[in-house]
> 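I'd like to ask you about the structure that follows.
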Amino acid sequence: MCLASGSGRFLQVRASNKVVFFIPSFSSIEATAPLGLLAISTPLLRAGYDVRIIDSTISPDYKARILEEVKDALCLGISLVTGPMISETVEIARCLKKWNPDFPVILGGWHPSLLPTQTLEADYVDILVRGQGEESMLEVAERLREGAPLDDVPGVGFKRDGKLHFAPERPLKALELMPPKAYHLADFDAYERVCGRRWAMYISSLACPFNCAYCTNAGVYGRKWNALAAEQVVEETVDLTRRYRLELLWMSDDNFLVDLDRALKIGEGLIRAGAGFKWSIQATTNLTARLTVEELRLLRRSGLHQICQGIETASPTVMKLMNKGFQDIGDIYQSIARCLEADVIPSFNIIFGFPGEGVKERRETISFMMDVCRRFPGAEFWTNIFTPYPGSPIFYRAKELGIEVPTSLEGWVDYFPRYTVLPWLKGREHERVQIMRDYLRIAFDRKPIAEMKNGRLARNLQRLTALPARWRLDHDFYALPWELWINRKLKHIRSVQKPKVDAKLLEPATSPS
Ligand code: B12
Ligand code: SF4
C-alpha cells in the first residue's frame with residue numbers, strides 16, 4: 001500500500017516498528033536530554049515500537065548515525081524550536097530525501113506548532129505535528145505502518161498530491177493525564193561530558209496564566225495553568241535523580257509558583273524524602289515576591305537554589321508595552337533581599353530592544369541592573385535582544401513594526417535572541433547594545449549550569465576587568481573595549497569542549513516502568 005506524499009510521489013508503507021528521532025543542537029553547552037522527545041517516546045515504547053533518539057549535541061557524527069538508523073526504520077521525527085536548530089533540521093531532511101524521497105520525515109515541537117503551514121510547505125517535510133505530540137506521534141506511526149490516511153488524526157498536517165491538509169487541532173490534555181517521560185532513553189553520561197554537570201529537566205506544570213506580549217506560550221499551551229500533584233512531583237523527582245545520579249533538576253515549568261501551597265508541599269515532601277539534589281525553577285516576579293523568608297528557607301532546605309524570573313525591563317513604559325502590568329519594581333527589590341537572606345539565587349532575564357524601548361528606557365533598565373547587583377551581590381542577570389517569535393501577541397504587529405517575516409522554513413535560522421537585528425535596532429545601535437551586553441556579562445558574577453574548565457583561574461582574571469566594566473556601564477562609554485578582548489581570550493580557556501567521543505549507541509528501548 002502507498003500513502004500520498006508532497007510531490008505527488010508516494011511514501012512506501014514500511015513494515016518496520018522502529019522510529020528514529022533527531023534533535024538538532026541548540027548552540028548551547030547546557031546540554032541535557034530533550035524532554036519533548038522523551039515525552040513522545042513513551043506511548044510508542046508501550047505500543048511495542050523500537051525508539052532511537054539521536055541528539056547532535058552529543059553525537060558529532062549524527063548524520064552518519066541517522067543514515068544508518070533509518071535504513072530499517074518506519075520514519076524520522078525531528079524536534080525543533082525557532083532559530084538555529086532549523087539549519088541541522090533542513091540538512092538532515094534534505095539528506096534523507098536524497099537517500100529515499102519516499103521516506104517519511106515528520107516535524108514537531110514549537111516552530112512547526114506555531115507556523116504549521118509554512119513549515120509543511122518545505123518540500124522535504126511530509127508530516128507535521130502541532131502541539132502535544134504524545135498521542136499524535138503514536139497515531140501517525142500506526143497509520144504509516146498500516147498505510148492508512150492521516151486525515152482524521154487530530155493535530156496532524158500532511159501532504160496529498162502536493163496539497164497541504166490539516167486535521168483539526170488536538171485538544172490540550174492536562175499534564176497529569178500524560179504518561180511519564182522515557183528518561184531511560186537519555187545517555188546522561190554523554191550529556192555530562194558536554195556540560196560538565198549531570199542534570200535533567202523536569203516539568204511539573206503546564207502553561208502560564210499571564211500573556212506577555214513577546215511570549216509564545218499561549219500559542220501552544222493556552223493560558224490554563226495545570227499541574228501535577230505535589231506528591232507525584234516528589235516521588236518522581238527523587239526517583240529520577242537517584243536512578244540517574246543527577247545533581248540538579250531544572251523545573252522547566254513556565255511559572256512554577258502559580259499554586260503556592262503546592263510549591264511548599266513539594267518543598268516539605270523533598271525534605272521528608274531526604275532528596276539531596278539541587279533544583280531551580282522559573283516563576284514570575286510577582287509570584288516570587290509572595291514568598292516569605294521562612295517559606296524561601298523551607299524551599300532552600302529542600303534543595304531549591306535558584307529562582308529564574310523574567311523581569312525583562314525596569315522601564316515602566318516598556319513594562320506596560322510588554323503587558324507585564326503584574327510586576328512591581330518595589331516588590332522585586334524586597335523579594336531579592338528575601339531570596340538572598342534564604343540563600344536562594346534570584347536570577348533575572350532582560351530583553352533589550354522591545355518596540356518602544358528607546359535609549360532612555362534602556363538606561364533605566366541598566367541603572368536598575370547595576371543598582372541591584374551592587375546592593376545585592378549574588379543576584380544575577382541574563383540579557384537577550386528582543387526576538388519577535390511567531391505566535392506571540394506582538395507578532396501580529398510585525399508588518400506595522402517593519403519586521404521582515406521570513407517566507408520559508410530556512411528563513412528562521414537566524415532568529416536568535418543572542419543576535420537578533422531589528423528594523424529599529426540595527427547597525428551601530430545594535431553593535432552598541434551587543435557591546436553593552438558583553439560588559440554586563442563581565443561586570444558581575446553569574447553561574448551557568450555548564451561547569452567551566454579552568455573556572456576559578458579564569459573567573460579571578462575576569463574579576464579584574466569587572467571594575468572598569470562597571471565604570472563604563474555607569475557612564476555609558478564603550479570606546480576601545482580592551483576588557484572585552486581579554487575576556488574573549490579567557491573564554492577560549494574556559495570553554496567546555498565539544499565531545500570527540502560519540503554518545504553510546506542505544507540498545508532498542510523498552511517501555512518505562
Ligand atoms: C527547557 C527549555 C530550554 C532549554 C533546552 C534544554 C534541552 N536540552 O532541551 C534551553 C535552556 C537550552 C533553552 C534554550 C532556548 N530556548 Co527554550 N525552552 C525550554 C522550555 C522552558 C521547556 C521545553 C521543554 O522541554 N518542554 C517540555 C516538553 C515535554 O514539551 P515540548 O518541548 O513542548 O514538547 C511537546 C510538543 O512540542 C511536541 N513535540 C516536541 N518535539 C516533537 C517532535 C516530534 C517529531 C513530534 C511529533 C512532536 C514533538 O510533543 C511534546 C510532548 O507533548 C520551553 C517552554 C515550554 N513551556 O515548553 C522553552 C522554549 C521552547 N524555548 C524557547 C526559546 C526562545 C529558547 C531560546 C532561543 C532562548 C534564548 N534566549 O536563547 C534558546 C534556544 C534554544 C534552541 N533550541 O535554539 C521558546 C521557543 C519559541 C519558539 N518559537 O520556538 C520556548 C517555547 C519559550 C517561550 N515561551 O518562548 N530552552
Ligand atoms: S510570565 Fe513568562 S511564561 Fe508567562 S506569559 Fe509572561 S513570559 Fe510567558
Side-chain angles (χ1 to χ4, degrees), residues 19 21-42 55 57 75-86 105-115 127-138 140-141 155-156 170 172-173 175 178 181 186 191 195 199-203 205-221 223 225 250-255 258 282-287 308-310 312 322-324 326-327 349 351 382-385 387-393 395 412 415-418 420 449:
V19 173
F21 287 129
F22 173 54
I23 176 126
S25 71
F26 45 82
S27 325
S28 168
I29 49 163
E30 312 218 311
T32 188
L35 269 200
L37 289 182
L38 300 189
I40 61 172
S41 294
T42 303
D55 180 341
T57 300
C75 57
L76 175 83
I78 308 180
S79 176
L80 64 148
V81 307
T82 311
M85 283 174 119
I86 291 173
V105 172
I106 307 164
L107 259 53
W110 283 81
H111 189 80
S113 299
L114 294 167
L115 273 184
I127 301 168
L128 174 142
V129 171
R130 285 184 286 168
Q132 290 172 314
E134 285 87 342
E135 290 172 15
S136 304
M137 185 61 221
L138 174 60
V140 168
V156 167
R170 182 176 289 274
L172 282 168
K173 251 190 163 175
L175 189 57
M178 290 301 187
K181 303 189 172 50
Y191 288 112
C195 178
W199 70 286
M201 294 183 293
Y202 177 87
I203 288 268
S205 69
L206 275 187
C208 171
F210 300 108
N211 199 20
C212 303
Y214 53 83
C215 180
T216 55
N217 271 1
V220 172
Y221 287 119
R223 291 170 59 195
W225 188 82
W250 183 40
M251 306 282 190
S252 311
D253 308 31
D254 295 313
N255 206 342
V258 172
Q282 304 190 113
T284 37
T285 51
N286 60 330
L287 299 184
C308 306
Q309 304 158 69
E312 316 303 358
M322 287 178 167
N323 199 21
K324 289 182 83 78
F326 55 84
Q327 73 183 13
N349 288 331
I351 294 176
W382 302 81
T383 70
N384 276 305
I385 294 185
T387 306
Y389 283 110
S392 58
F395 196 75
W412 295 92
Y415 260 60
F416 202 46
R418 273 184 221 159
T420 311
I449 291 179

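Since the structure is predicted, the reported quantities are computational estimates derived from the model, not experimental observations. For ligands, and for the atoms within them, numbers begin at 1 and follow the listed sequence.
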> Is the shortest heavy-atom distance from the side chain of Met137 to the side chain of Phe21 under 4.5 Å?
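Yes, their side chains come closer than 4.5 Å.
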> Enumerate the atoms of ligand 2 whose separation from the nearest heavy atom of Phe210 is less than 4.0 angstrom.
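Going through ligand 2 atom by atom, the ones under 4.0 Å from Phe210 are 5 (S).
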> Enumerate the atoms of ligand 1 whose separation from the nearest heavy atom of Leu114 is less than 4.0 angstrom.
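So the atoms of ligand 1 that pass are 83 (N).
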> Do ligand 1 and Pro34 have nitrogen or oxygen atoms that lie under 3.5 Å from each other?
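By distance alone, the answer is no.
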> Is it the side chain (CB and beyond), the backbone, both or neither of Gln132 that lies under 4.0 Å from ligand 1, heavy atoms counted?
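Answer for Gln132: both.
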> If the plane angle is over 60° it's perpendicular, under 30° parallel, otherwise tilted; pick one for Trp110 and Tyr221.
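Plane angle over 60°, so perpendicular.
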> Closer than 4.0 angstrom: is that true for some heavy atom of Thr284 and an atom of ligand 2?
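The answer is yes, since Thr284 has a heavy atom less than 4.0 Å from ligand 2.
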> Donor-acceptor pair, distance only, cut-off 3.5 Å: does the side chain of Ser113 make one with the backbone of Gly131?
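It does hold such a pair.
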> Number the atoms of ligand 1 from 1 as they appear, then name those within less than 4.0 Å of a heavy atom of Pro417, with their elements.
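Under 4.0 Å from Pro417, ligand 1 has these atoms: 68 (C), 70 (C), 71 (N).
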> Check for a donor-acceptor pair, side chain of Asn255 on one end and backbone N or O of Cys208 on the other, with a separation under 3.5 Å.
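Not a single qualifying donor-acceptor pair exists.
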> Could you tell me whether some N/O pair between Thr216 and ligand 1 is separated by less than 3.5 angstrom?
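Indeed, backbone or side chain, Thr216 has an N or O that close.
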> Of the backbone atoms (N, CA, C, O) and the side-chain heavy atoms from C-beta on, which set of Val81 has a member under 4.0 Å from an atom of ligand 1: side chain, backbone, both, or neither?
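Under 4.0 Å from ligand 1, Val81 contributes backbone and side-chain atoms.
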> Under 4.0 angstrom from ligand 1, any heavy atom of Trp250?
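Yes, that is the case, since the closest heavy atom of the residue is under 4.0 Å from the ligand.
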> Which is it for Leu172 and Gln132 under the side chain to side chain contact (heavy atoms under 4.5 Å, CB included) test, yes or no, and what are the steps along the way?
CA-CA 7 Å; Leu172 282 168; Gln132 290 172 314; 3.6 Å; yes
> Which option wins on minimum heavy-atom distance to atom 38 (C) of ligand 1: Gly131, Ala39, Ala207?
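It is Gly131 that holds the nearest heavy atom.
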> Can you list the atoms of ligand 1 that are under 4.0 Å from a heavy atom of Gly77?
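Under 4.0 Å from Gly77, ligand 1 has these atoms: 45 (C).
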> Going by the atom numbers of ligand 2, which of them fall below 4.0 Å from some non-hydrogen atom of Cys208?
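It comes down to these atoms of ligand 2: 1 (S), 3 (S), 4 (Fe), 5 (S).
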> List ligand 2 atoms under 4.0 Å from Asn217, heavy atoms only on the residue side.
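Result: 3 (S).
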> Heavy atom to atom 56 (C) of ligand 1, shortest distance: which of Trp110, Trp199, Tyr389, Phe395 holds it?
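It is Trp110 that holds the nearest heavy atom.
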> Should the proximity of Thr82 to ligand 1, defined as any heavy atom under 4.0 Å, be assigned to the side chain, the backbone, both, or neither?
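Both backbone and side chain.
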> Which one of Gln282, Met85, Met201 has a non-hydrogen atom at the shortest distance from atom 1 (C) of ligand 1?
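Among Gln282, Met85, Met201, the closest heavy atom to atom 1 (C) of ligand 1 comes from Met201.
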> Could you tell me the separation between the CE atom of Met322 and the SG atom of Cys212, rounded to the nearest 0.5 Å?
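Nearest 0.5 Å value for the CE-SG distance: 8.5 Å.
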> Is there at least one pair of N or O atoms, one from Asp254 and one from ligand 1, spaced under 3.5 Å apart?
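Yes.
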> If we only count heavy atoms from C-beta on, is the Arg130 to Leu128 side-chain gap below 4.5 Å?
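Side chain of Arg130 against side chain of Leu128, heavy atoms only: contact under 4.5 Å found.
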> Using atom types as modelled and distance alone, determine if a side-chain donor or acceptor of Trp199 lies under 3.5 Å from a backbone N or O of Ala31.
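Between the backbone of Ala31 and the side chain of Trp199 there is a qualifying donor-acceptor contact (under 3.5 Å).
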> Tell me whether Cys215 has at least one N, O or S atom under 2.8 Å from atom 6 (Fe) of ligand 2.
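Checking Cys215: none of its N, O or S atoms is under 2.8 Å.
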> Yes or no: does Trp382 have any heavy atom under 4.0 Å from an atom of ligand 1?
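Under 4.0 Å: no for Trp382.
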> So, the side chain of Thr387 versus the backbone of Ile385: is there a donor-acceptor pair under 3.5 Å, distance only?
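Side chain of Thr387 to backbone of Ile385, a donor-acceptor pair under 3.5 Å: yes, one is there.
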> For Lys173 and Glu135: C-alpha separation, side-chain torsions, deciding distance, then whether salt bridge (Lys or Arg N to Asp or Glu O under 4.0 Å) applies.
CA-CA 10 Å; Lys173 251 190 163 175; Glu135 290 172 15; 2.4 Å; yes
> Would Cys212 count as a contact for atom 4 (Fe) of ligand 2, in the sense that one of its N, O or S atoms lies under 2.8 Å from it?
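No, Cys212 does not qualify, because none of its backbone or side-chain N, O or S atoms lies under 2.8 Å.
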> Do Gln282 and Asp253 come within less than 4.5 Å of each other through their side chains, counting heavy atoms only?
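No, their side chains stay 4.5 Å or more apart.
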> Give the numbers and elements of all ligand 1 atoms closer than 4.0 Å to a heavy atom of Glu134.
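Selected atoms, number and element: 52 (C), 53 (O).
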> For Thr32, take its heavy atoms, then give the atoms of ligand 1 lying under 4.0 Å from any of them.
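Checking each atom against Thr32, I get 8 (N).
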> Give the atom numbers and elements of ligand 1 that come within less than 4.0 Å of a heavy atom of Val129.
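That gives atoms 47 (C) of ligand 1.
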> Judged by atom type as modelled, is there a donor-acceptor pair below 3.5 Å linking the side chain of Thr216 to the main-chain atoms of Gly391?
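Checked: no pair found.
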> Need the ligand 2 atom indices (1-based, order shown) with element for anything under 4.0 Å from a heavy-atom of Tyr214.
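Listed by number with element, the hits are 7 (S).
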> Examine ligand 1 and decide if any of its atoms is less than 4.0 Å from a heavy atom belonging to Ser136.
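No heavy atom of Ser136 comes that close to ligand 1.
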> Do Trp250 and Thr32 come close enough that some side-chain heavy atom pair is under 4.5 Å?
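They are not in side-chain contact.
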> Within the 4.5 Å heavy-atom criterion, are Gln309 and Leu287 side-chain neighbours or not?
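Gln309 vs Leu287: side chains apart.
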> If you scan the protein for heavy atoms around atom 2 (Fe) of ligand 2, do you find one that is closer than 4.0 Å?
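No.
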> Determine whether the side chain, the backbone, both or neither of Ser79 has a heavy atom under 4.0 Å from any heavy atom of ligand 1.
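Looking at Ser79 and ligand 1, atoms from backbone and side chain both fall under 4.0 Å.
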> Counting each atom of ligand 1 from 1 as listed, which ones have a heavy atom of Tyr221 under 4.0 Å away?
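Per the distance check, 30 (O), 31 (P), 33 (O), 35 (C).
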> Do Tyr389 and Leu114 come close enough that some side-chain heavy atom pair is under 4.5 Å?
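The answer is no; the side chains never approach within 4.5 Å.
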> Can you find a heavy atom in the side chain of Tyr214 that is under 4.5 Å from one in the side chain of Glu312?
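Yes - at least one pair of side-chain heavy atoms lies under 4.5 Å apart.
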> Please could you name the atoms of ligand 1 that Asn384 approaches to less than 4.0 Å, counting only its heavy atoms?
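It comes down to these atoms of ligand 1: 71 (N).
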> Any side-chain heavy atom of Thr284 sitting closer than 4.5 Å to one from Gln327?
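They are not in side-chain contact.
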